There are 2 protein chains.
Amino acid sequence: MVTMEDVARLAGVSKMTVSNVVNNRDGVSDPVRERVLEAIHRSGYRVNVSARTLRSGRTGVIGLAVPEIGLPYFGHLAAHVIGAARRRGFHVSIEQTGAAAAGEADAIAHSRTLHFDGLILSAVALGRVDRQLADAGYPLVMLGEQDFGGRFDHVAMPNEEGTKAATAHLADQGCRRIALVTGSVLDDVNDLNGRNDLDAVDAVDEVNGQNGQNDLNAVNTGNAGHGGNAVNMATRRYRGYRAALAERGLDVHPPLVFPLEDASMEAGRDAAHRLAGSGRAIDGVVAVTDTVALGVLRGLADRGLRVPGDVRLIGFDDIPESRFAVPSLSTVAPDHRWMAERAVELLAQRIRSPLRPTGQYVAPFELVIRESTR
Amino acid sequence: MVTMEDVARLAGVSKMTVSNVVNNRDGVSDPVRERVLEAIHRSGYRVNVSARTLRSGRTGVIGLAVPEIGLPYFGHLAAHVIGAARRRGFHVSIEQTGAAAAGEADAIAHSRTLHFDGLILSAVALGRVDRQLADAGYPLVMLGEQDFGGRFDHVAMPNEEGTKAATAHLADQGCRRIALVTGSVLDDVNDLNGRNDLDAVDAVDEVNGQNGQNDLNAVNTGNAGHGGNAVNMATRRYRGYRAALAERGLDVHPPLVFPLEDASMEAGRDAAHRLAGSGRAIDGVVAVTDTVALGVLRGLADRGLRVPGDVRLIGFDDIPESRFAVPSLSTVAPDHRWMAERAVELLAQRIRSPLRPTGQYVAPFELVIRESTR
DNA sequence: TTGTAGGCGTTATCAG
DNA sequence: CTGATAACGCCTACAA
């Protein structure tokens, strides 16, 4: 292995000068820099990242923890994050958490052990992050679902607004009995089908209005300053759904909510089977994610229901697969690129200045109308 | 940061004893080990991976280079590789190569720079690996498509056999004019639609019969000893297609081959449009991958062609999405779990013994018949 | 069974 | 502008 020592000898300078050249520091004269670069090239020298890390405490690697990289949404998200990180000189290492709180806590611990410079956590299950973690001052950005009342940097999906828009769209298309297919993990909401159960949730919803200072220069700024106590994705989407129904006077008791085991296609298909067999004359379905919606599409086909003829269907995420489904899937399309950029930028900032106030952001979105709701 | 020194002080022993405990080495008495573990727990000590790496030369991290983690196939593959690696105590870092030879060479260089212990390369474009790389002795396992004449450990897809089986299946279902939708990068084969163009390829096909020593204990052994000169995936799949047609007497001139820009759904849809407009009365389509097949499915729908009524369609890979398509997609299903396990195992072996002979394996597969070919 | 000395390749500090 | 020196935290080798 060729070291800085070797390069230094070859160029007739000291180790330190080589280091300065490698790291683009100034204080090196042009002719010397030239000589050093030449020597580096000739010797095939490569910096030893471990040694650098040992000395500097920085690895140049950030972690990205997702429930399951094989799910389309997370695969695409990862691709964006990797791109955004590369543009800022970071490398990305992917962790799978298995959509379990234990996995997510593990990912954080593992991330610190491996001395990633920071971690982007696409948290689904982590109900309440350990006080340890919050206090650790480890650079951590939450991406997507969960919300921790401003204790972390957070780039959120437009859960409530998006679902409301999707539901309203179905109503506008003439749907009168609109179902929601969603995760079953509504905070503080049990017995979902039994009663008007949102009161408990609403009581928790004290927006704390904490603002992150916005020194990002993204063209598309989204909505900064979104905050609130820990309320999960399913709850937020449920709220959006109920809000739209209420506006349109389409509320129904018991609510037409079909819970899922997880956010898989398989679960979506199951839900569609239950839905078709419920005898409740459903003519519109809002699915909590596109992946679930694709499963619902399949499940409806199993039961001989036509989309959009018998039932209209809309998803959430706009994964590429949705465009190619038959029928193509209408969906809420958050700006994933924007989310990835913002998350990486927030993390980079936190790595630079650990004590800056946290920032909360909600991604901009648009409604994409395709065949499934025409 | 808490170091071994701190733990040693806390436990009243030397640094070295702590190291021995941490690494599960023997030569430490039970009471002392107990004390040390206690001290580790109390202090929240974590080994510093950089320091360990600097000293030992091993990082415990392997790289996985794929064209694009957002494509369903690679996402699922990655999930399997991550699992297999974890079982062997390795961590996985994912690189995106962008399906370009430059990207793949970069990934290798980058991988070495980062001091991964080795790299699993899902190579698509890398026509000829640099002699440098081959000679470098850097632990490298090729996964999937490319084939390098035995110079690397290689876990291949059953390209030729699988495609042959798929094509034969369509013939058995009564298809008479079967098209192939595939990548356009057939080695040494230009002007694909002009003439009987396989001769050039066949001339290259000298199987060299190199065998990897099989000390793996997988239940499902697949076919070891597959070798050959560098012939890419598209060519192998084309061969399987032609072989099946020849057997059934269904060969047609010019061949019903529709080339793709890349292996995306978009490209598949385009191909379907061309195919539908070709006026060649096609009644069966073999798509080079499931992702492409899903695009074809969509493209056929655009043109009002029914699957399987007007055209039967079969893919390759068995990604989960295929099961949920409408109609569900018949496909060639290689054992992905087996492939991931074998690739990681080969890499682990090569890391242990760099000079062992290379092993070539072809994954077992089965034909999965679903609605699209009934 | 436990402890001590030294060095892995890099960078921060400070002197020239 | 350049160079000498001392860490960074751990592990190999050898001594006690």
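From a predicted model like this one, the values you see are computed outputs, not experimental measurements. Order of the sequence lines fixes the chain letters, A, B, ..., with proteins taken first and strands second; residue numbering starts at 1 for each chain.
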Item checked: Donor-acceptor contact present, side-chain B:Ser43 to main-chain B:Ile40, <3.5 Å -> yes
Check: Taking 4.0 angstrom as the limit, do B:Arg87 and B:Glu345 come out as a salt bridge?
Finding: no
Note to self: Base, sugar-phosphate or nothing for A:Met16? Non-hydrogen atoms, less than 4.0 Å.
What the structure shows: base
Margin query: Using whole Å, what does the distance between atom C1' of nucleotide D:dA7 and atom CG of B:Asn48 come to?
Written below: 14 Å
Next item on the list: Give a yes or no on whether B:Arg25 atom CZ has more than 12 heavy-atom contacts from other residues, nucleotides or ligands under 6.0 Å away.
Entry: yes
Next item on the list: Ignoring hydrogens and angles, tell me if any N or O in the side chain of B:Asn23 forms a donor-acceptor pair with the backbone of B:Asn20 under 3.5 Å.
Entry: no
Note to self: For D:dC10 and B:Ser19 - does any side-chain N or O of the residue sit under 4.0 Å from the phosphate oxygens OP1/OP2?
What the structure shows: no
Margin query: Within the 4.5 Å heavy-atom criterion, are B:Ser19 and B:Val22 side-chain neighbours or not?
Written below: no
Next item on the list: Answer yes or no: is there a donor N or O on one side and an acceptor on the other, between the side chain of A:Arg88 and the main chain of A:Ala84, under 3.5 Å?
Entry: yes
Margin query: Is a donor from one side chain sitting under 3.5 angstrom from an acceptor on the other, for A:Thr59 and A:Asp117?
Written below: yes
Check: In residues 23-32 of chain B, what residues come within less than 4.0 Å of DNA chain C, judged by heavy atoms?
Finding: B:Gly27, B:Val28, B:Ser29, B:Val32
Notebook entry, point to check: In whole angstrom, what separates A:Arg55's CZ from D:dC8's P?
Noted result: 7 Å
Notebook entry, point to check: So B:His80 and B:His336, would you call those rings parallel, tilted or perpendicular, with 30° and 60° as cut-offs?
Noted result: parallel
Notebook entry, point to check: So, do A:Ile69 and A:Val66 sit near enough that their side-chain heavy atoms are less than 4.5 Å apart?
Noted result: yes
Next item on the list: Let me know the distance between CE of B:Met4 and P of D:dG9, rounded to the nearest Å.
Entry: 12 Å
Notebook entry, point to check: Which of residues 6-15 of chain B sit near DNA chain C, with a heavy atom under 4.0 Å from it?
Noted result: B:Val13, B:Ser14
Item checked: Electrostatic pair A:Glu341:A:Arg337 at N-O distance under 4.0 angstrom -> no
Note to self: Whole angstroms only, please: what is the CG-P distance between B:Asn20 and D:dC10?
What the structure shows: 13 Å
Notebook entry, point to check: Is there a donor-acceptor contact under 3.5 Å linking the side chains of A:Thr358 and A:Asp153?
Noted result: no
Next item on the list: Figure out the OH/C1' separation between B:Tyr45 and D:dG9, and round it to whole Å.
Entry: 8 Å
Margin query: With a strict under 4.0 Å distance from non-hydrogen atoms of chain B, what nucleotide opens and what nucleotide closes the contacted stretch of DNA chain C, reading 5' to 3'?
Written below: C:dT1 to C:dG9
